[in-house]
Engineer: 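Next up is a structure, given as structure tokens.
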Amino acid sequence: MTEHTRPLGLNELEEAKRALDVPLFAGLSGDADVSFEFFPPKSEKMEQTLWDSVVTLEPLNPRFVSVTYGAGGSTRERTHATVARIAKETRIPAAAHLTCVGASKAEIAEVAQSYWEAGVRHIVALRGDPPAEGQAFESHPEGYNSAAELVAGLKDIAPFEISVAAYPETHPEANCPQSDLDNLKRKLDAGASRAITQFFFTAEAFFRFRDAAGAAGIDAELVPGILPVSNVAQTRKFAGMCGAEIPAWMNDLFEGLDDHPSARQLIAATVAAELCRKLYAGGVRQFHFYTLNRAELSYAICHLLGKRPSGTAQEKAA
């Protein structure tokens, strides 16, 4: 048997199959729904960057965009101003993050009521992180003790649509995955419509979580949170805080790119897009993108998923 006619090995057969497979993103119908998360800007320059991103993403007709709330309510005014502007100046439904750290029930009611009066009908209700990293959560003496209590309290204030957080790889403070699922179920039972997950980097992490949630009696919408990695060091910090695992292969891909931002962007888009495609193949049709106030990566991934600017939004953007 000559070198040219020897049988292919298993690894070679796998590579040959990949080469002959239908292109990953061919023929996608654009039936996925998307939403985007921003954080309130600290300066005029950052505000312009944020607003440019909102304008870029608006033609994709997102279900909503959300704006984060700093630890201990530290960005309260800036969050409110950003959400109110989105609600007033765009066609996108705006969702405001709200936490119960360091706030009384009366203070939270005041904030929630001001959102309602500004036309905001969607709240992302979170327990929130303590003001200082490493501190344990302590409820306000006159406040809510958990996100589930916050959800119930918000429902008493106004008929908000409410989203809550979920953790595919388990919240760092949970004593086991089941107790974390029990807590998620309490939040949904209190009146939340859906759960948006913390970011993760393997489709298997989400599918395992989805199966476990179903087995625990959770039938609400579970929306995967997608973080395109624009800053590797920052992502490693975020992952350590929220219990997300960065696979070794992913670390290797970003190795040596600190001085090559354009190459880093391309790889970030490739990794996140492949993750979304695997999730799509597993039946996922809702995606929530953590934009870090930058539109390019999220827009590119949405384009690969078949999302195109809607007619009315495109005309408005033009």
Side-chain angles (χ1 to χ4, degrees), residues 32-41 50-51 53-55 57-70 73 75-101 103 105 107-128 144 146-166 184 186-199 218-226 285-291 293 298 302 307 310 313:
D33 288 319
V34 297
S35 54
F36 304 103
E37 180 177 296
F38 302 99
F39 60 84
L50 165 62
W51 205 249
S53 297
V54 171
V55 170
L57 295 169
E58 182 180 9
L60 295 180
N61 195 29
R63 288 204 295 173
F64 62 89
V65 297
S66 66
V67 181
T68 62
Y69 201 68
T75 65
R76 172 176 165 174
E77 298 302 325
R78 287 186 283 120
T79 297
H80 186 280
T82 303
V83 173
R85 185 180 178 189
I86 291 171
K88 180 180 179 182
E89 299 183 25
T90 78
R91 300 162 61 96
I92 312 171
H97 286 221
L98 187 56
T99 69
C100 53
V101 173
K105 293 179 181 179
E107 289 170 328
I108 288 171
E110 180 185 350
V111 174
Q113 192 63 46
S114 68
Y115 280 132
W116 188 266
E117 291 168 0
V120 176
R121 300 291 182 263
H122 186 173
I123 298 287
V124 180
L126 309 165
R127 188 204 69 179
Y144 296 107
S146 66
E149 288 188 10
L150 175 60
V151 171
L154 290 170
K155 283 292 189 180
D156 286 338
I157 295 166
F160 286 108
E161 176 183 358
I162 298 178
S163 298
V164 294
L184 173 58
R186 283 191 293 271
K187 293 187 285 189
L188 294 165
D189 289 346
S193 304
R194 74 183 55 79
I196 301 170
T197 77
Q198 185 55 265
F199 64 83
I218 295 172
D219 58 3
E221 180 183 312
L222 302 176
V223 182
I226 307 298
R285 292 296 183 271
Q286 289 85 30
F287 298 88
H288 185 74
F289 291 92
Y290 298 111
T291 69
N293 290 9
S298 296
C302 289
K307 296 292 291 183
S310 63

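All of these numbers come straight from a predicted model, not from anything done at the bench.
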Engineer: Would you say Pro62 and Phe289 make side-chain contact, with heavy atoms under 4.5 Å?
Structural biologist: no

Engineer: Can you measure from CG (Asn61) to CZ (Arg63) and round to the nearest 0.5 angstrom?
Structural biologist: 11.5 Å

Engineer: Could you state the interatomic distance from CG (Leu154) to CD1 (Ile162), rounded to the nearest 0.5 Å?
Structural biologist: 4.5 Å

Engineer: Work out which heavy atom in Thr79 is nearest to a heavy atom in His97; give both atom names and the distance.
Structural biologist: CG2-O, 4.4 Å

Engineer: What distance separates Phe36 CZ from Ile226 CD1, expressed to the nearest 0.5 Å?
Structural biologist: 11.5 Å

Engineer: What are the two closest heavy atoms between Leu60 and Cys302, and how far apart are they?
Structural biologist: CD1-CB, 3.8 Å

Engineer: Rounded at 0.5 Å granularity, tell me how far CG in Leu57 sits from OG in Ser35.
Structural biologist: 11.0 Å

Engineer: Ignoring hydrogens and angles, write down the donor-acceptor pairs under 3.5 Å from the side chains of residues 117-124, residues two or more places apart or on other chains.
Structural biologist:
residue : atom : partner : partner atom : Å
Arg121  : NH1  : Trp116  : O            : 2.7
His122  : NE2  : Ser163  : OG           : 2.8

Engineer: Can you tell me how far the OG atom of Ser146 sits from the CG atom of Leu126, to the nearest 0.5 Å?
Structural biologist: 12.0 Å

Engineer: CG of Leu150 to NZ of Lys105: how many Å apart, nearest 0.5 Å?
Structural biologist: 10.5 Å

Engineer: For a 4.5 angstrom cut-off between non-hydrogen side-chain atoms, does Leu184 reach Lys187?
Structural biologist: yes

Engineer: So, for Val111 and Tyr69, which heavy atoms are closest and what is the spacing to 0.1 Å?
Structural biologist: CG2-OH, 4.3 Å

Engineer: Taking ring pair (Phe, Tyr, Trp, His ring centres under 6.0 Å) as the test, write out the residues that go with Tyr115, two or more places apart.
Structural biologist: His80

Engineer: Can you tell me which residue among Asn293, Val65, Thr90, Thr291 is in a side chain to side chain contact (heavy atoms under 4.5 Å, CB included) with Val54?
Structural biologist: Thr90

Engineer: Under the rule for side-chain contact (heavy atoms from CB on, under 4.5 Å), what residues qualify as partners of Ala103, not counting sequence neighbours?
Structural biologist: Glu107, Ile108

Engineer: Any idea which heavy atoms bring Pro41 and Leu50 closest together, and the distance?
Structural biologist: CD-CD2, 3.5 Å

Engineer: Which atoms form the tightest heavy-atom contact between Leu98 and Ala112, and what is the distance?
Structural biologist: CD2-CB, 4.4 Å

Engineer: Decide yes or no on side chain to side chain contact (heavy atoms under 4.5 Å, CB included) for Trp51 and Ile86, but give the supporting numbers first.
Structural biologist: CA-CA 9 Å; Trp51 205 249; Ile86 291 171; 3.7 Å; yes

Engineer: Going by the rule salt bridge (Lys or Arg N to Asp or Glu O under 4.0 Å), which residues pair with Arg186 if we only count those two or more places apart in sequence or in a different chain?
Structural biologist: none

Engineer: Main chain of Thr68, side chain of Glu37: is a donor-acceptor contact present, judged purely on distance under 3.5 Å?
Structural biologist: no

Engineer: Under the side chain to side chain donor-acceptor pair (under 3.5 Å) rule, collect the residues that match up with Asp156, sequence neighbours excluded.
Structural biologist: none

Engineer: In the structure I gave you, are the side-chain heavy atoms of Tyr144 and Thr99 within less than 4.5 Å of one another anywhere?
Structural biologist: no

Engineer: Report the residues that fulfil side chain to side chain donor-acceptor pair (under 3.5 Å) with Glu161, sequence neighbours left out, ordered by chain and then residue number.
Structural biologist: Arg194

Engineer: Does Ser193 reach the side chain of Glu221, with side-chain heavy atoms less than 4.5 Å apart?
Structural biologist: no

Engineer: Is the ring centre of Phe64 less than 6.0 Å from the ring centre of His288?
Structural biologist: yes

